[in-house]
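Every chain is numbered from 1, with letters handed out A, B, ... down the list of sequences.
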Amino acid sequence: MPVVTIDSVGQFAGQHVTIQGWLYNLREAGKLLFPIFRDGTGTIQGVVSAKENSGAFEALRGLTQESSCIVTGKVNPDARAPGGFELHVAEIHVVQRIPESDPYPIQLKEHGPDFLLENRHLWMRTPRQAAILRIRAQAVHAARNFMDSQGYTLTDSPMFTPAACEGTSTLFEVDYFDEGKAYLTQSGQLYIEATAAALGKVYCFGPVFRAEKSKTRRHLTEFWMLEPEAAYAELKDVMELGENLVSHIVQDVVAHRARELEVVGRDISKLSTVRPPFPRISYDEAVAILQKAGKDVKWGDDFGGDEETVLSSQYDRPVMVHHYPTAIKAFYMQPDAERPDRALCFDMLAPEGYGEIIGGSQRIHEYDLLLERIRQHGLSEKAFQWYLDLRRYGSVPHSGFGLGLERTVAWICGTTHIREVIPFPRMLYRIYP
RNA sequence: UGGCCCGUGGUCCAAUUGGUAGGACACUGCACUGUUAAUGCAGACGGUGGAGGUUCGAAUCCUCCCGGGCCAGCCA
């Protein structure tokens, strides 16, 4: 008897198969039972008749939700069954029966966010959550495939770092033996600038940590970031890379996870338009658009979530805003040669109010200017000595960006909060489970 | 960190603006051969986040604490 996954039962119509999974729900209708089994790949309705199979009927009757079981039966096409196929149960082996005295806590009804997050380890079994995690995995797969196909080499950056890349107030501090304090990385960028000078085109992908006291639907204290960096690349090159990367991720998910997108209720028509070229507007143009929309924004202000939503809602695909004022951007960004008060940088804003999914720039490649900026920002020259070395030995113009995975996946899925798109979210007031 | 809002059985919500805290789901039993978060009937269970205060009387009003949500700042 072949052991099959539920997402593939269609290939076994008319045959007997075995499914290893859990009881998702059980409906009784007299001498008929309608169990719904899930195995992580999907759900399938079974049917058992007391008249035809009293053994299986008795074994299944009263079985509790989420009890684990191994089921054997015949796959029949049936329009009355959700999913189109139904399993005529021949035999059921209960692996673990959940006692009625301590039932599975997650109901098929509605729950509040606090309860669900407290039970995240169980919540993820529900079809919607499982679908989201599969979409996340597909997005990661697509992103890595794309970077590899463009000649970028994965070079992992360290999680422990001796200093910040943008001040220490938002860093998690840890004791590091006799070396004193170390910090959890908030970006791999500085390190991949080194590997880019070694290998040309590189990227890193992993978790980063921000001790920001943010508690909004767009923030986690631990999230995953994909960061490409390329030697000899200028701003326009990485903007083009960014739009190609994002459209590839979206179209790959649409192509391979259509079923999961349907489970989460995402309108695919809003994703199919996400193809290059993405609109590009300068910071100056953005300010003009916002002022025209009645926003109280002056040149030199950074944009808040509200402003980002106004800008992004004008387009059916992500928009790239470039050339922000140097003063409101990070110390390592290269100023525009013709207008030094503008930085060679860009942000990519996702549609529908999902906010910034990419932030990137051309990096300062001149030693003297970088040293000046490090001093201006009160950063440790000693800690950044190795970073300055990159400008002493064969420095070249180079550029890169960081893509926030959870914001991107939340936008693709259309979830209201990014906590749903990571298996175990870490937030300001939540570290359990 | 600031602003606003919310804490009522295991879960999701009511309680006519201070007057006996109730329903649904979940759980148990019975019925039902096509259920789609099944339905119907019956049963059992058990709660006002915590500490003070006002009052004849507090889920309701006040203070503090704890927990949570949304927004802002900051960022991806």
Sugar-phosphate, base or nothing in reach of A:G355, heavy atoms under 4.0 Å: nothing
Candidates B:U28, B:C70, B:G68 - which lies nearest the side chain of A:E100: B:U28
Geometric class of the A:F331/A:H377 ring pair [parallel <30°, tilted 30-60°, perpendicular >60°]: tilted
Pair A:Q20, A:D39: side-chain N/O donor-acceptor within cut-off below 3.5 Å: no
Lys/Arg-Asp/Glu bridge criterion (N-O < 4.0 Å) met for A:E66, A:R125: yes
Nearest-Å distance for atom pair CH2/P, residues A:W411 and B:A76: 18 Å
Touch class at under 4.0 angstrom, heavy-atom based, for A:I358 against every strand present: sugar-phosphate
B:G67 - base-pair partner by Watson-Crick or wobble geometry, distances under 3.5 Å: B:C6
Sugar-phosphate, base or nothing in reach of A:D347, heavy atoms under 4.0 Å: nothing
Touch class at under 4.0 angstrom, heavy-atom based, for A:R217 against every strand present: sugar-phosphate
Parallel, tilted or perpendicular, as decided by the 30° and 60° cut-offs, for the rings of A:Y324 and A:Y283: tilted
B:C70 OP1/OP2 closer than 4.0 Å to side-chain N/O of A:R419: yes
Residue A:F115, side-chain heavy atoms: nucleotide from B:C12, B:G34, B:A76 that is nearest: B:C12
B:G43: pairing nucleotide in any strand, Watson-Crick or G-U under 3.5 angstrom: B:C27
Short side-chain donor-acceptor distance under 3.5 Å, A:T18 and A:T72: yes
Basic-acidic side-chain contact under 4.0 Å: A:D306, A:K295: yes
Whole-Å C1' distance, B:G46 and B:A26: 13 Å
Polar side chain donor-acceptor pair, A:R80 to A:Q45, under 3.5 angstrom: no
Gap in Å between the two P atoms, one belonging to B:C4 and one to B:C65, rounded: 15 Å
Integer angstrom distance from the C1' of B:C64 to that of B:C25: 36 Å
Inter-nucleotide P distance (B:C62, B:U55), Å rounded: 16 Å
Partner nucleotide, any strand, of B:A76 [Watson-Crick/G-U, under 3.5 Å]: none
Phosphate OP1/OP2 of B:C70 contacted by A:H417 side-chain N/O (<4.0 Å): yes
A:K213 side-chain N/O to B:U1 phosphate OP1/OP2 under 4.0 Å: yes
Sugar-phosphate, base or nothing in reach of A:E406, heavy atoms under 4.0 Å: nothing
Nucleotide nearest A:E212 when distance is taken to its side chain, options B:U1, B:G69, B:A76: B:A76
Donor on one side chain, acceptor on other, A:E193 and A:Y387, under 3.5 Å: yes
Minimum-distance nucleotide to A:Q107 side chain [options: B:U11, B:U1, B:C75]: B:U11
Toward the 5' end of RNA chain B, by each residue's nearest nucleotide, A:G112 or A:E307: A:G112
Aromatic-base stack, A:F223 on B:A76, cutoff 5.5 Å, angle under 30: yes
Base B:C75 to side chain A:H219, donor-acceptor N/O within 3.5 Å cut-off: yes
Nearest-neighbour nucleotide for the A:K215 side chain, B:A76, B:C27, B:G3 considered: B:G3
Nucleotide of B:G34, B:C25, B:C27 approaching A:P103 most closely (side-chain heavy atoms): B:C27
Residue A:E308, side-chain atoms from C-beta onward, closest of B:U35, B:U33, B:C75: B:C75
Lys/Arg N to Asp/Glu carboxylate O, A:R407 vs A:E308, below 4.0 Å: no
C1' atoms of B:U20 and B:A24, separation to the nearest Å: 22 Å
Could you list, one pair per line, each protein nitrogen or oxygen that sits under 3.5 Å from a nitrogen or oxygen of nucleotides 30-32 of chain B, together with the distance?
residue : atom : partner : partner atom : Å
B:C32   : N3   : A:G30   : N            : 3.1

B:A15 to B:G23 separation - P atoms, rounded to the nearest Å: 15 Å
Under 3.5 Å donor-acceptor pair, A:S214 side-chain atoms to B:C74 base atoms: yes
Value in whole Å for how far the P atom of B:A76 lies from CG of A:L171: 13 Å
Short side-chain N/O contact from A:R80 to OP1 or OP2 of B:U35, under 4.0 Å: no
Verdict with reasoning, A:L26 to A:L33, per side chain to side chain contact (heavy atoms under 4.5 Å, CB included): CA-CA 7 Å; A:L26 178 65; A:L33 296 178; 4.3 Å; yes
Whole-Å C1' distance, B:A59 and B:A14: 12 Å
Pair partner, B:G52 [Watson-Crick or wobble, under 3.5 Å]: B:C62
Trace of the side chain to side chain contact (heavy atoms under 4.5 Å, CB included) decision for A:L117 with A:M427: CA-CA 11 Å; A:L117 288 168; A:M427 295 177 290; 3.9 Å; yes
Name of the residue among A:R275, A:H248, A:R280 meeting side-chain hydrogen bond (donor to acceptor under 3.5 Å, both in side chains) with A:E243: A:R280
Proximity to RNA chain B (any heavy atom under 4.0 Å), residues of residues 426-433 of chain A only: A:Y429, A:R430
Rounded P spacing from B:G73 to B:C56 in Å: 49 Å
